[in-house]
There are 2 protein chains.
Amino acid sequence: MRADARKNHDHLLAVAGAVITEQGVDASLRDIARRADVGLATLLRHFPTREALLDALLRTSFDELTTKAAELETSSSPEDALVSWLRDFVACARDYRGVVTSMMTAIEDTQSALHASCVTMRASGTRLLARAQAEGTARSDIDGTDLFALAGSLAWLGDQPSLAPRADHLFDVVTSAILTSAGNSNAEAERRPRARG
Amino acid sequence: MRADARKNHDHLLAVAGAVITEQGVDASLRDIARRADVGLATLLRHFPTREALLDALLRTSFDELTTKAAELETSSSPEDALVSWLRDFVACARDYRGVVTSMMTAIEDTQSALHASCVTMRASGTRLLARAQAEGTARSDIDGTDLFALAGSLAWLGDQPSLAPRADHLFDVVTSAILTSAGNSNAEAERRPRARG
DNA sequence: ACCTGAACACCGTTCAAGT
DNA sequence: ACCTGAACACCGTTCAAGT
């Protein structure tokens with residue numbers, strides 16, 4: 001890549017990250033190009049679709065998440081590893097409002113520029129789920145696609161501004177449906193009612 | 001309302017219902033007006049915002065849901081009533097792709113034309129939740145807003161075409177996190193692993 | 001190689017003019 | 001009262017022309 005092209009590429013990515021953090025994944029591409037002091041056609045030349053741009057923006061987070069999932073497979077208990085991965089996934093999706101819906105669409109669309117990344121993510125989660133299931137700490141009647149769906153629904157909850165104050169609590173509730181360990185059972189929650197703000 | 005206006009109103013509602021069922025809540029208003037053989041300005045005169053149109057479209061379902069919730073309060077066991085209401089809510093939201101996100105936005109926006117309907121819905125759910133909590137069949141550390149959020153996340157899952165085949169299963173998983181009864185406990189799910197397609 | 005302005009077919013909003 | 005065409009400021013896509 002030519003030096004000027006490289007510079008445009010990196011600058012566009014930085015500006016797009018800022019704009020999409022502000023406005024969500026449906027932000028105007030024209031606006032991004034404008035803020036980057038570049039023609040709209042130049043943005044489209046570097047990132048031919050909105051999803052290609054999203055994939056580039058998420059690349060770093062995705063790669064980190066994949067690496068971390070591999071580490072968790074050996075460094076943590078199966079249960080902690082699974083919950084930790086879920087937490088990371090949700091945190092990563094929260095960076096860009098609406099991105100989890102794009103991901104759920106992309107994972108079923110082989111043509112999407114986001115497809116491969118999503119498949120990799122789901123595979124990481126699937127491995128951690130299987131390990132927890134083998135240990136008996138995750139319910140056995142869900143598979144990797146179910147887990148990815150539940151992770152997605154958690155990210156969707158995290159996307160709703162009105163639910164921000166209770167995002168952690170809702171995370172615990174849904175996670176308790178995935179786990180089977182006593183510490184997260186509903187009976188336990190029943191015994192120790194938690195004060196709400 | 002004048003006769004011709006009434007006719008336009010009803011016709012627009014019917015056409016809008018069809019188009020939004022096909023294309024989701026972000027369907028082009030211009031397209032709806034075009035298909036109704038009416039000027040775009042006429043559509044906007046009857047329904048000044050997209051949310052006003054959505055509210056009108058959902059009015060019937062909303063009212064039925066509210067009525068049914070009141071009936072469930074006396075006719076069913078607290079647990080069955082709560083699950084039944086959740087199921088109806090999800091079914092109603094599935095009519096229009098993306099509507100649950102509009103609802104979650106609207107319930108925090110007093111100005112939204114959808115606001116009042118959403119508040120009523122949440123109140124219905126809250127009453128059913130409280131009854132189940134009093135009986136001990138719903139976990140005590142969630143409130144009506146949490147329930148509405150979880151119902152929303154279930155509707156979001158139902159919105160994803162790729163998850164359609166497992167929508168019922170995911171409903172059961174999330175519902176098991178809300179309920180505390182033995183028949184839905186994770187331990188029980190663990191004992192009777194369920195075959196997946 | 002890479003960039004860009006302009007043309008294109010869309011969108012929702014607004015309003016003066018028509019019946 | 002109610003309807004509408006047209007003007008407006010947007011949007012993403014495409015491509016011939018420039019450097």
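Quick note on labels: first sequence line is chain A, next is B, and so on, each numbered from 1.
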Worked check of side-chain contact (heavy atoms from CB on, under 4.5 Å) between A/L13 and A/F47: CA-CA 9 Å; A/L13 214 47; A/F47 309 102; 3.6 Å; yes
How about [X] and [Y]: do any of their side-chain heavy atoms sit closer than 4.5 Å?
X	Y	result
A/V173	B/D146	no
A/E108	B/P161	no
B/N8	B/V38	yes
B/T137	B/L82	no

Verify salt bridge (Lys or Arg N to Asp or Glu O under 4.0 Å) between B/D26 and B/R97, making sure each step is shown before the conclusion. CA-CA 9 Å; B/D26 291 326; B/R97 196 158 14 98; over 6 Å; no
Classify B/R6 by what it touches in the nucleic acid, base, sugar-phosphate, or nothing, heavy-atom distance under 4.0 Å. nothing
By nearest-heavy-atom nucleotide on DNA chain D, the more 5' of A/L29 and A/A41 is A/L29
Span of DNA chain C engaged by chain A, first through last nucleotide within the 4.0 Å heavy-atom cut-off, is C/dA1 to C/dG5
What closest approach, in Å, do B/W156 and A/G152 show between heavy atoms, and which atom pair accounts for it? CZ3-C, 3.5 Å
Members of residues 42-51 of chain A that approach DNA chain C, where some heavy atom sits under 4.0 Å away: A/T42, A/R45, A/H46
What stems, by residue range, does DNA chain C take part in, given at least 3 consecutive Watson-Crick or G-U pairs under 3.5 Å? C:4-8 with D:12-16, C:12-16 with D:4-8
Considering heavy-atom distances to DNA chain C, does B/D26 or B/R2 have its closest nucleotide positioned more toward the 5' end? B/D26
Under-4.0 Å salt bridge between B/R34 and B/D31: yes
Are A/E73 and A/R127 close enough for a salt bridge, meaning some N to O gap below 4.0 Å? yes
In terms of the angle between their ring planes, are B/H9 and B/H46 parallel, tilted or perpendicular, with boundaries placed at 30° and 60°? perpendicular
